[in-house]
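For reference, the structure is listed below as structure tokens.
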Protein chains: 2
Amino acid sequence: MTITEVSEKFDIPQDTLRYYERIGLIPRVNRNKSGIRDYSEEDCNWVEFIKCMRSAGLPIEVLIEYVELFQQGDATIEARKELLIEQRKQLIAKIEAMQKTLERLNYKIAVYEQVVVEKEKELKRSEN
Amino acid sequence: MTITEVSEKFDIPQDTLRYYERIGLIPRVNRNKSGIRDYSEEDCNWVEFIKCMRSAGLPIEVLIEYVELFQQGDATIEARKELLIEQRKQLIAKIEAMQKTLERLNYKIAVYEQVVVEKEKELKRSEN
DNA sequence: ACTTGGCTTGGAGTTAACTCCAAGTGTTAT
DNA sequence: ATAACACTTGGAGTTAACTCCAAGCCAAGT
């Protein structure tokens with residue numbers, strides 16, 4: 001797959017794909033004879049995985065570490081697992097905080113709705 | 001309340017509190033005769049509200065707009081309500097995306113756990 | 001009176017995460 | 001063969017959201 005195809009498939013700018021590769025957020029992609037990137041199936045899986053993790057706010061730094069561990073082979077399986085568990089913990093906390101904020105927004109919106117209703121009542125009263 | 005107290009109460013750096021006020025993310029706080037901030041009850045409520053919304057990732061830009069609308073009085077109630085509804089929509093989407101990522105992390109961790117178990121079995125076998 | 005310490009302001013600096021750009025190379029169409 | 005085009009690289013620029021800093025003010029303690 002060319003970079004253009006991958007960019008379209010995952011809706012990630014080409015510059016971002018190159019940037020991710022440069023900083024080691026995805027393993028290095030193979031080039032063809034003329035030096036142009038040729039994404040393999042596995043490369044695509046990495047891109048998709050990273051996109052998913054980034055969209056949930058996992059920091060790039062941590063993901064780079066994960067990729068580095070992965071490239072060191074089986075000896076780092078335990079470390080990778082621990083890294084993911086730590087990130088899961090933080091993700092759960094973030095989701096919980098957001099849920100709280102959501103409830104607060106719901107409440108605030110409900111109050112505004114009530115205010116609007118009151119105003120309409122007043123309006124009707126004054127129309128008589 | 002002094003800025004030091006507010007900073008400690010909400011665990012927000014003083015510089016951040018000043019910054020929030022400077023950019024209009026919270027309404028201007030009154031100063032005493034010698035020009036020092038004296039946070040009222042309402043100021044504190046704003047700080048707490050903004051902290052909550054920011055922690056859920058609502059952009060500063062949008063919150064500034066909310067504060068501006070608020071300061072324009074009752075005529076903007078409908079607009080404020082709409083703004084909050086839009087932000088709620090986006091927050092729900094974000095939470096859903098994060099939940100998906102969480103499930104994926106759970107799955108990945110489970111796989112790693114499985115691998116670790118397999119490795120242990122192998123080890124035991126080779127010990128015989 | 002003088003130092004200490006917390007506060008003020010406006011402005012500069014930092015960090016994370018892109019995003020853009022210039023200069024250059026290789027393939028394809030005319 | 002020459003233009004058009006997609007791609008390459010390394011490096012510079014941008015954006016959001018802080019974070020730090022210098023210079024100065026003012027009240028309290030010695």
Side-chain angles (χ1 to χ4, degrees), chain A residues 1-40 43-44 46-47 49-67 87 90-91 94 97-98 101, chain B residues 1-40 43-44 46-47 49-67 87 90-91 94 97-98 101:
Chain A
M1 265 193 152
T2 69
I3 196 169
T4 306
E5 285 163 348
V6 175
S7 168
E8 275 164 18
K9 179 166 183 185
F10 297 111
D11 194 31
I12 301 176
Q14 299 195 8
D15 265 319
T16 303
L17 288 171
R18 292 197 199 94
Y19 165 70
Y20 280 178
E21 188 179 341
R22 231 193 314 185
I23 63 173
L25 186 48
I26 56 171
R28 192 171 163 75
V29 174
N30 274 339
R31 319 290 147 123
N32 65 19
K33 332 86 213 154
S34 40
I36 287 174
R37 284 174 183 77
D38 182 17
Y39 288 78
S40 70
D43 292 329
C44 287
W46 272 107
V47 169
F49 172 67
I50 291 298
K51 180 184 175 163
C52 178
M53 294 301 133
R54 285 293 304 130
S55 79
L58 274 73
I60 279 186
E61 221 188 358
V62 172
L63 294 171
I64 289 175
E65 199 192 330
Y66 180 77
V67 173
Q87 292 309 306
Q90 298 199 14
L91 185 55
K94 241 188 289 181
M98 289 173 105
T101 305
Chain B
M1 267 194 149
T2 69
I3 195 169
T4 305
E5 286 163 347
V6 175
S7 168
E8 275 163 19
K9 178 165 184 185
F10 298 111
D11 193 31
I12 302 176
Q14 298 194 10
D15 265 319
T16 303
L17 287 171
R18 292 198 199 93
Y19 165 69
Y20 281 177
E21 187 180 341
R22 233 194 310 186
I23 63 172
L25 186 49
I26 57 171
R28 191 171 164 74
V29 174
N30 274 340
R31 319 290 146 123
N32 65 20
K33 331 86 214 155
S34 40
I36 288 176
R37 284 174 182 78
D38 181 18
Y39 287 78
S40 71
D43 292 329
C44 288
W46 272 108
V47 169
F49 171 67
I50 291 298
K51 181 185 175 162
C52 177
M53 294 300 132
R54 285 292 304 132
S55 79
L58 274 73
I60 281 186
E61 221 189 356
V62 171
L63 293 171
I64 289 174
E65 199 192 329
Y66 180 77
V67 173
Q87 293 308 308
Q90 298 198 15
L91 184 55
K94 242 188 287 179
M98 290 174 104
T101 304

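For clarity, every value in this text was computed on a predicted model and none was experimentally measured. So that the names make sense, note that chain A is the first sequence line, chain B the second, and so on, each numbered from 1.
For the residue pair A/Val67 and A/Leu25, the shortest heavy atom distance occurs at CG2-O, 3.2 Å. When every heavy atom of A/Ser7 is checked against every heavy atom of A/Ile12, the shortest pair comes out as OG-O, 2.7 Å.
The line from CD of B/Glu8 to CD of B/Gln14 is 8.0 Å long, rounded to the nearest 0.5 Å. Rounding to the nearest 0.5 Å gives a distance of 10.5 Å between OG1 of B/Thr16 and CZ of B/Arg22. Atom CZ of B/Arg37 and atom CD of B/Glu5 lie 14.5 Å apart (nearest 0.5 Å).
A straight line from CG of A/Asn30 to P of D/dC7 spans 17 Å, rounded to a whole angstrom. If you measure from atom CZ of B/Arg37 to atom C1' of C/dG6, you get 13 Å, rounded to the nearest angstrom. Across the protein-nucleic acid pair, B/Arg28 atom CZ and C/dT8 atom C1' stand 11 Å apart, rounded to whole Å. Atom pair B/Tyr39:OH and C/dC7:C1' shows a separation of 11 Å (rounding to whole Å applied). Atom CG in A/Leu17 sits roughly 13 Å away from atom P in D/dT9 (whole-Å rounding). Atom CD of B/Gln14 and atom P of C/dG6 are 9 Å apart (whole Å). Distance B/Asn32 CG to D/dA27 P: 8 Å, rounded to the nearest Å.
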Evaluate the side chain to side chain contact (heavy atoms under 4.5 Å, CB included) criterion for residues A/Leu17 and A/Glu21: first the C-alpha distance (whole Å), next the side-chain angles of each, then the deciding distance (0.1 Å), finally the verdict. CA-CA 6 Å; A/Leu17 288 171; A/Glu21 188 179 341; over 6 Å; no
So which protein nitrogen or oxygen atoms get under 3.5 Å of nucleotides 13-21 of chain C's nitrogens or oxygens?
unit_1: C/dC18; atom_1: OP2; unit_2: A/Tyr20; atom_2: OH; d: 2.9
unit_1: C/dC18; atom_1: OP2; unit_2: A/Arg54; atom_2: NE; d: 3.0
unit_1: C/dC18; atom_1: OP2; unit_2: A/Arg54; atom_2: NH2; d: 3.2
unit_1: C/dC20; atom_1: N4; unit_2: A/Asp15; atom_2: OD1; d: 3.3

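With A/Lys51 contributing its side chain and A/Phe10 its backbone, the two residues share a donor-acceptor pair below 3.5 Å. The backbone N or O of B/Met1 sits less than 3.5 Å from a side-chain atom of B/Asp38, completing a donor-acceptor pair.
In terms of the side-chain contact (heavy atoms from CB on, under 4.5 Å) criterion, residue partners of B/Asn32 (sequence neighbours excluded) are, by chain and number, B/Ser34, B/Ile36. In terms of the ring pair (Phe, Tyr, Trp, His ring centres under 6.0 Å) criterion, A/Tyr20 has no residue partners (sequence neighbours excluded).
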With a 3.5 Å cut-off and sequence neighbours excluded, list the donor-acceptor pairs that the side chains of residues 52-65 of chain A form with protein atoms.
unit_1: A/Arg54; atom_1: NH1; unit_2: A/Leu58; atom_2: O; d: 2.6
unit_1: A/Ser55; atom_1: OG; unit_2: A/Cys52; atom_2: O; d: 2.7

Annotated protein contacts, base or backbone, on nucleotides 25-30 of chain C with a non-hydrogen cut-off under 4.0 Å, one of B, S, - each: -SS---
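Using a 4.0 Å cut-off on heavy atoms, none of the residues of residues 3-11 of chain A approach DNA chain C.
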